[in-house]
Engineer: 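The structure that follows is given in the form of structure tokens.
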Amino acid sequence: MTTTPARLTVLAGPTAVGKGTVSADLRARYPQVWLSVSATTRAPRPGEVDGVHYHFVSPGRFDAMIVDGELLEWAVVHGRNRYGTPRGPVDERLAAGEPALLEIDLQGARQVRATMPEARFVFLAPPSWEELERRLVGRGTEDADERERRLATARVELAAESEFDHVIVNDDVHRATDELIQVIGLPTR
Ligand code: 5GP
């Protein structure tokens, strides 16, 4: 298992696999791990807070962020909305030597690999395809069309699992987080 602590960790994986739950569990146990807040053109879901879950921006503002070089990576995800990682806060954390985590899609992970190959690339996988479908339906935040779109992306993402340095199966959130902690090289206690 990895011993050198990672500075930048990229956590990718298909829709509804539990990236948000695992990273929240990680941060509850290791508050020093900073989680990047992405910009998105998607509308907020009920309960989502601007600047906390995402920076919710207009398409025009997103265009400007691209043109001004403000994004470390960005992608159209699920064929619909754009999502991107603001570059400034990531650079600040890395310059301060603090561990940083990006929770992004496959296309974004590939872009980060091209510019920051020293980052650690982790893929969170579902225990099975059926379980992924069950979790997506269960969370009830998408209509049937959107679920289909997300499952189509998920098929592509699962096929790219071998591009990652580590694959963690999210069969149990706490166990998956334990594995992520080891992969990042955080001190265990
Ligand atoms: P959701 O709409 O469910 O919040 O997110 C949809 C997908 O967008 C997630 O699977 C997530 O990985 C991806 N995503 C979130 N933020 C970013 C980002 O900054 N860049 C990229 N490339 N993908 C992102």
Side-chain angles (χ1 to χ4, degrees), residues 1-38 53-54 71-75 77-78 83-87 89-91 93-136 139 150-189:
M1 191 49 75
T2 311
T3 47
T4 320
R7 295 173 71 202
L8 181 63
T9 302
V10 174
L11 182 65
T15 187
V17 73
K19 298 189 291 288
T21 318
V22 168
S23 63
D25 188 30
L26 174 72
R27 285 183 19 87
R29 292 152 73 182
Y30 291 82
Q32 73 268 34
V33 177
W34 174 79
L35 177 64
S36 164
V37 179
S38 299
H53 298 93
Y54 282 104
L71 298 177
L72 178 63
E73 60 73 34
W74 69 272
V77 183
H78 306 308
Y83 297 77
T85 304
R87 183 191 298 278
V90 175
D91 288 347
R93 290 318 182 291
L94 296 182
E98 291 165 11
L101 181 67
L102 308 184
E103 209 190 291
I104 60 178
D105 88 322
L106 172 66
Q107 307 168 79
R110 284 174 173 160
Q111 291 172 48
V112 177
R113 191 187 276 293
T115 54
M116 298 172 127
E118 68 286 1
R120 207 152 288 168
F121 293 86
V122 183
F123 189 86
L124 194 63
S128 67
W129 178 259
E130 291 69 29
E131 175 60 17
L132 188 70
E133 285 181 320
R134 202 186 60 73
R135 289 181 193 178
L136 182 60
R139 76 179 180 185
R150 284 174 180 250
L151 287 173
T153 313
R155 275 185 204 99
V156 173
E157 299 217 328
L158 285 170
E161 188 179 287
S162 61
E163 292 178 26
F164 288 77
D165 303 323
H166 302 274
V167 176
I168 296 177
V169 176
N170 188 15
D171 45 5
D172 171 88
V173 171
H174 206 72
R175 196 212 59 76
T177 309
D178 285 344
E179 204 175 328
L180 182 60
I181 287 164
Q182 280 193 306
V183 161
I184 297 176
L186 292 164
T188 42
R189 44 193 173 192

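Quick caveat: nothing in here was measured; it's all calculated off a predicted structure. Counting from 1, the numbers follow the sequence of the chain as shown.
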Engineer: Could you list the residues that satisfy ring pair (Phe, Tyr, Trp, His ring centres under 6.0 Å) with F164, not counting sequence neighbours?
Structural biologist: F123
Engineer: Return the CD1 to CZ distance between I104 and R110, rounded to the nearest 0.5 Å.
Structural biologist: 11.5 Å
Engineer: Which residue pairs satisfy the side-chain hydrogen bond (donor to acceptor under 3.5 Å, both in side chains) criterion with at least one member in residues 152-161, sequence neighbours excluded?
Structural biologist: H78-T153
Engineer: List in chain and number order the residues that pass side chain to side chain donor-acceptor pair (under 3.5 Å) with S38, two or more places apart in sequence or in another chain; answer none if no residue qualifies.
Structural biologist: none
Engineer: List the residues meeting salt bridge (charged side-chain N to carboxylate O under 4.0 Å, His left out) with D172, not counting sequence neighbours, and say none if there are none.
Structural biologist: none
Engineer: Can you name the residues that form a salt bridge (charged side-chain N to carboxylate O under 4.0 Å, His left out) with R87, not counting sequence neighbours?
Structural biologist: none
Engineer: CZ of R93 to CG of L8: how many Å apart, nearest 0.5 Å?
Structural biologist: 12.5 Å
Engineer: S23: which residues meet the side chain to side chain donor-acceptor pair (under 3.5 Å) condition with it, sequence neighbours left out?
Structural biologist: E103
Engineer: Could you state the interatomic distance from OG1 (T188) to CD (Q182), rounded to the nearest 0.5 Å?
Structural biologist: 7.0 Å
Engineer: Would you mind writing out the side-chain donor-acceptor pairs for residues 25-33 within the sub-3.5 Å range, not counting sequence neighbours?
Structural biologist:
unit_1: D25; atom_1: OD2; unit_2: R29; atom_2: NH1; d: 3.2
unit_1: D25; atom_1: OD2; unit_2: T177; atom_2: OG1; d: 2.8
unit_1: R27; atom_1: NH1; unit_2: V33; atom_2: O; d: 2.9
unit_1: R29; atom_1: NH1; unit_2: H174; atom_2: ND1; d: 3.4
unit_1: R29; atom_1: NH2; unit_2: D178; atom_2: OD1; d: 2.3
unit_1: Y30; atom_1: OH; unit_2: P187; atom_2: O; d: 2.5

Engineer: Decide yes or no for P126 and P14: does some side-chain heavy atom of the first lie under 4.5 Å from some side-chain heavy atom of the second?
Structural biologist: yes
Engineer: Residues two or more places apart in sequence or in another chain: which of them pass side chain to side chain contact (heavy atoms under 4.5 Å, CB included) with A24?
Structural biologist: none
Engineer: Sequence neighbours left out, what passes salt bridge (charged side-chain N to carboxylate O under 4.0 Å, His left out) with D91? Give chain and number order.
Structural biologist: none
Engineer: The criterion is side chain to side chain donor-acceptor pair (under 3.5 Å); which residues satisfy it with Q107, sequence neighbours excluded?
Structural biologist: D105
Engineer: Looking at residues at least two apart in the chain, or sitting in another chain, which of them share a salt bridge (charged side-chain N to carboxylate O under 4.0 Å, His left out) with R7?
Structural biologist: none
Engineer: State which residues pass side chain to side chain donor-acceptor pair (under 3.5 Å) with R135; sequence neighbours excluded, sorted by chain then number.
Structural biologist: E131
Engineer: Between the side chain of E73 and the main-chain N/O of A109, is any donor-acceptor distance below 3.5 Å?
Structural biologist: no
